Every structure is written in structure tokens, then in C-alpha cells.
There are 2 protein chains.
Amino acid sequence: MAATPTEPAGSAPRTASDAVVAHLETLILDGTYQAGDSLPSETELAAELQVSRLTVREGVRSLAARGLVEVSHGRRPVVAAPNATLLRDFFSSSVRRDAAGLLELLDVRLAIEVHAAELAARHATQAQLDSLEAALQAMADAPDDDAFTAADMRFHHGITEASGNRMIRLLVEGMAEPLEVGRRQSLRGYLQGAPDLDGLIAEHRAVFDRIAARDASGAARAMRKHLGTTRRDLLRAFSR
Amino acid sequence: MAATPTEPAGSAPRTASDAVVAHLETLILDGTYQAGDSLPSETELAAELQVSRLTVREGVRSLAARGLVEVSHGRRPVVAAPNATLLRDFFSSSVRRDAAGLLELLDVRLAIEVHAAELAARHATQAQLDSLEAALQAMADAPDDDAFTAADMRFHHGITEASGNRMIRLLVEGMAEPLEVGRRQSLRGYLQGAPDLDGLIAEHRAVFDRIAARDASGAARAMRKHLGTTRRDLLRAFSR
DNA sequence: GAGCCTCAACTCATCAGAGGAGTTGCCGCA
DNA sequence: TGCGGCAACTCCTCTGATGAGTTGAGGCTC
């Protein structure tokens, strides 16, 4: 009674719902179902795989938790495009479970973004450079702290975009929220005098200049310096 | 009818099983349940949260898919320690969905491991250095290719361990399998002459020497050189 | 008294059937 | 032609029940 016709050679699923997961996962990763495609309905899958709807539901639910599909009430499950929600979940969980994880995560971001800046200097298109400069300008013109932070994030996001490496983009995107939350929490009630916005902007501009000049190692150096500053600020806030 | 007494301020869960997920997630991340602890049984949770066992099951299943808990037949769900399975899943999926992802992933590993080598030069304990040297020796003594690869992986794993940054360790651990699978597939049927094992070992030894000498930037440079070689080999295999 | 075996209680795994709620597209009406 | 309503489809949740794996207590044997 082989429930799943497409049994993967690797390992036999222990439970029926694992079989559902394995089945659908294979079809998605094979490209049989592309991002945006609708999966068969629960009823259809149940009939096809010879299991109850409940079992199908659990399997689909697992895939949804892993970010491979999206389910919404009244509609069929839809295959999701690769996205950062899973990574965001993971990083958020790690940081919340252990406060020291925040600094570790910051360190990882440093490593990745320094490399991203290097790649951006090599691969950025003119449109991407324009977008970076616009973010820089928005930082300078920011009326309040929230606007500044938003422009700041847009700048960093733009660099990962310009790196041309989607995995880097997803990773940094996944880290952004936990880091931002951590930053807010550690700075709460801190705010002794305004932060050195002009200095921050200058650091960003230095990164941009090196990227625009196609100077890979210079861009890496500038980014390293900038993130070092960020890290020091956070450490100082922590030690209070 | 507030089903969940511990409704997080953030956003109200849309569905009942999301509420279960949110409830348990909060308790785990708060530390109310530590890694290794057993969760209440499905029946107990159902009574506690005023939902059916089915709904509880779906919620627990989601958490299992996200790596926060582990469920096995006949036993209560157990809170899992932070681990790399989720990341491995993510990276594997990404690479399988898009072959170009392999090179992107390799690039990310380069960025992270170069940084790890730098950190290891600063933080490695004597025991960790000994372990690295043992792996190096095992590479030199390896009787066959599999043993060599195993020792190779042990060496790299040891460096992330010595970096003292657990997030780096988890990330590299999560990338190891997809990269190894990708390497095997692209090298399949390739094998024109034996690879330059002596050169590889020399590169590893250079990394080790710089770490042992507490030379952070030298270690980073040596690691970058080594991973550059790896990358070039893979690219060459690809282009056939 | 020590060690092994059996079994009962607990737990997760899965099934079947049914009602509620959200979405979508067709059809008829103005 | 344009719009409103209804019907079909889908996911969401519940109830009740059976099968299968795990564990620890109790009794039996030596």
C-alpha cells in the first residue's frame, strides 16, 4: 500500500503527514509547481494520496510554517516565492531566546554586508546606484528619527540588492527586523543627547562613494568601519 | 471569547491554530519552557486553550516544522535546542529550486568563514587549536576521498566553533550539506586526474598557522585564498 | 531480594463526518 | 452594459473514535 507514488529515495517518511510533506516538497522543488501556482485542494490531495483531509492539512501546514506555501481562508494553497520569512523567524527566535545572540547576529551581519558592499562595487547598475543615492539624500532630509531609520534601512537593503546575490539579500533581510528590535530595546530610555547623525551620514556616503567608484576593497573597508561604529554604539548602550 | 490569555500585543492571530502557535512560541521564547522540557500533552493544551485537540495538533506541527519543538509518537512534544535543521532546510530548498543558488551560497559561506577565521584567531582556546590540528593531520593521512572530505569538514566546523559565535556555527552548519551535495553533483563524472590534495592541505595549514599565531587579518586572508580556490574549482566543473 | 516480564495507562497518529466562514465567478436583472 | 446576489468551492474547526508507540508499575521467577 504505497501511499506516495513519488517516494524519494533518501528516506522513507515515518508518518503519513510526513509523506504528504515529502510529496509536495518534491513537486515544488522539482518545479512542477512554480511560485504563484495553486496547489490542489485539500480534498483532491487527500484523494490522490489516499489519506484523510486532516493528514493533508497537517502536511500543508508544515510547508506553510517553512515558508514554501501560503494558505488563506477560502482559497487554495499557493506556492510561495523564496522569501525571508523563515530566516526572520529563525533569527528572531534565536535572539529572543538568548540576548547574547544579538551581538552574534550583528557580527554575522557585519561579515555579510562587508562582502555585499564589495560585490556591489563590482556589479551595481546605474539604476541601483541612483537608488542608493536617493536613500542617502532621504537620510539627510529626514525630519525625524523614524524617517532616518527607514532611509537607513533602505540604503542597506539597496546594497544587498546591488550585490546581485539573492541569498545575501534574503539573509540580511531576515536579520533586519530582529536587529532593529534589539536596537530599540537596548536604546530605550537611553537617548543621552542626539546621536551623531552627521557622522552616520558621512559613513554611509563613504560607502556609497567607494561603490560608485567601483572600488571593491574600499567599499568593504568603508562598510566595515560603518558597522563597527554601529556595533560600538550598541555595546555602549548595552553596558549601562 | 479570548481563547489565548497571553495574546501578544503585536498582532491578533487570525486563526485558532495561529493562536496556539503564538501561545506556545511565547512560552518557549520567554524561557518558561526550556530546551529539553516537555510540553503539556495535546489533550491538556486543548483544555487549557479552549480549542480542540485537532487545532492544537496543527499548531504544534507548525512549531515542529520551524524547529522549535520535536514530536515523536507516544511521547509528549519536547522543546528543541536551537539547531541548524531549519537553516539546512532553507538552504537546501533554495539551491534545489535554483541551481544558480549554489554559487550564491558559496559566496555567502566565503564571507562568513573568512570572518570566522578572523574571530577564531582572536578567541580560539588551546583545546580548539588542538582539535584543528588533529583535523589537519587526518586530512594528510586520509586513505580515500571520503575520509579526506570528512576531515576537511571537521576542520571548517572547528573554525566556526572556535570563532565563539554560535550563530556563525549554525549558519555554516546549515550550509554544509547543500554545498556538499552541490559539489558532488557538479563533479560527478568529472574527476579528470586526482585533485591537488597537497595544495589543498597546504592552504588549510596556512589558515591554521595564522589562527595559531593569533594573526586575525592573516587568518582572514588565508581563508579567503582557500575558499577562492574552492570556488574556482567548482566553477570550472560547472562550465563543462 | 534482584532481575525480568507483562500489562495498563498515557500519548501521539489517523480516520470519518459535519457545520461554519471566506472567496470567487456565474447568472439574472435593471 | 453594469451591478447585485447566489451558488459552488475552499479552508477552518469541532466531535468522537480507533490504532500504534512509550513508559512505568506491579507481579512473577530465580
Side-chain angles (χ1 to χ4, degrees), chain A residues 1-5 7 11-25 27-28 33 36-80 85, chain B residues 1-5 7 11-25 27-28 33 36-80 85:
Chain A
M1 54 162 73
T4 53
E7 195 86 12
S11 58
R14 288 236 155 269
T15 71
S17 44
D18 283 344
V20 174
V21 170
H23 177 76
L24 292 177
E25 192 178 8
L27 292 181
I28 292 175
Y33 291 114
D37 289 357
S38 288
L39 257 47
S41 72
E42 291 177 359
T43 315
E44 290 168 2
L45 283 172
E48 187 182 335
L49 301 179
Q50 307 263 44
V51 296
S52 78
R53 287 199 296 289
L54 164 64
T55 308
V56 171
R57 272 188 65 73
E58 291 192 355
V60 172
R61 182 110 200 149
S62 285
L63 292 173
R66 283 172 39 194
L68 282 178
V69 304
E70 283 166 0
V71 294
S72 46
H73 195 157
R75 287 186 230 171
R76 296 179 162 208
V78 174
V79 177
T85 59
Chain B
M1 54 163 75
T4 53
E7 193 87 14
S11 58
R14 290 237 154 268
T15 71
S17 44
D18 283 344
V20 174
V21 171
H23 177 77
L24 292 177
E25 191 178 8
L27 292 181
I28 292 174
Y33 292 114
D37 291 355
S38 288
L39 256 48
S41 73
E42 291 178 357
T43 315
E44 289 168 3
L45 283 172
E48 188 181 335
L49 300 178
Q50 307 263 43
V51 296
S52 76
R53 288 167 225 95
L54 165 64
T55 308
V56 171
R57 271 187 68 73
E58 291 193 357
V60 172
R61 183 107 200 152
S62 285
L63 292 172
R66 283 173 39 195
L68 282 178
V69 303
E70 283 166 0
V71 293
S72 46
H73 197 156
R75 287 186 227 170
R76 296 180 166 210
V78 174
V79 178
T85 59

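These figures come from a predicted structure and were not determined experimentally. Quick note on labels: first sequence line is chain A, next is B, and so on, each numbered from 1.
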* Pair Arg61(A) + Asp18(B), salt bridge at N-O below 4.0 Å ->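 Between Asp18(B) and Arg61(A) there is a salt bridge, with a charged N closer than 4.0 Å to a carboxylate O.
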*Quick one: do Arg53(A) and Glu42(A) make a salt bridge, cutoff under 4.0 Å?*
no
### Task
Could you walk me through whether His73(A) and Arg14(B) pass side-chain contact (heavy atoms from CB on, under 4.5 Å), step by step?
CA-CA 10 Å; His73(A) 195 157; Arg14(B) 290 237 154 268; over 6 Å; no
Rounded to whole angstroms, how far apart are [atom1] on [X] and [atom2] on [N]?
X        : N       : atom1 : atom2 : result
Leu54(A) : dT18(D) : CG    : P     : 17 Å
Leu63(B) : dC12(C) : CG    : P     : 14 Å
Glu70(B) : dC12(C) : CD    : P     : 15 Å
Glu58(B) : dT13(D) : CD    : P     : 7 Å
Glu42(B) : dT15(D) : CD    : C1'   : 15 Å
Glu44(B) : dC10(C) : CD    : P     : 11 Å
Leu49(B) : dC14(D) : CG    : C1'   : 15 Å
Arg53(B) : dC12(D) : CZ    : P     : 20 Å

Side-chain N or O of [X] less than 4.0 angstrom from OP1 or OP2 on [N]?
X        : N       : result
Arg75(A) : dT24(C) : yes
Ser17(B) : dT13(D) : yes
Arg76(A) : dT10(D) : yes
Arg57(B) : dC12(C) : no

| query | Does His73(B) get its side chain close enough to the base of dA20(D), under 3.5 Å, for a donor-acceptor pair? | reply |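 Per atom types, the contact qualifies.
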Per Val51(B) side chain, nearest of listed nucleotides dA13(C), dC14(D), dC11(D):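 Nearest nucleotide to the side chain: dC14(D).
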* Considering only side-chain heavy atoms of Ser52(B), which listed nucleotide, dT15(D), dC12(C), dC11(D), is closest? ->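 So the nucleotide nearest the side chain must be dT15(D).
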Open item on the list: Within the 4.0 Å heavy-atom criterion, would you say Ser41(B) contacts the bases, only the backbone, or no part of the nucleic acid?
Closed with: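 Contact class for Ser41(B): sugar-phosphate only.
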> Checking Ser41(A) side chain against Glu44(A) main chain: does a donor-acceptor pair fall under 3.5 Å?
Replying inline: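 A pair under 3.5 Å: yes.
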Practice task
By nearest nucleotide on DNA chain C, pick out whichever of Gly74(A) and Arg61(B) is the more 5' one.
Solution key: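 Nearer the 5' end of the strand: Arg61(B).
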Distance col, row Ser62(B):OG vs Arg57(B):CZ, nearest 0.5 angstrom, shows 11.5 Å
